[in-house]
Amino acid sequence: MTTKNISQTSHASNAVYGLGLIGAAVYYIQMATSFWAGVIGFIKALLWPAFIIYEVLRYLEL
């Protein structure tokens, strides 16, 4: 006998992350003054949620 696990999830968080990624990449690349600054900016764009959590925790002094 086999059972199926059916789960319904919302993909809204993926959309928010994707839009944030695009927006952050555009921002950081526009602010770059050299090619390597653009590369670092793209890496920052990938990691922007970590920066937000870090700043929130720093603000809350946890």
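All values below come from the heavy atoms of this structure, side chains included, with hydrogens, waters and symmetry mates left out.
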Any link between [X] and [Y] through a network of hydrophobic side chains (Ile, Leu, Val, Met, Phe, Trp, Tyr) touching at under 4.5 Å?
X   : Y   : value
L47 : W36 : yes
L19 : Y28 : no
F35 : I43 : yes

Rounded to the nearest 0.5 Å, the CZ atom of F42 sits from the CG atom of L21 at a distance of 6.0 Å
Interatomic distance, NZ@K44 vs OH@Y27, rounded to 0.5 Å, equals 9.0 Å
Note: G38 and A32 closest approach over all heavy atoms is N-CB, 3.4 Å
The side chain to side chain contact (heavy atoms under 4.5 Å, CB included) partners of Y17 (sequence neighbours excluded) come to W48, P49
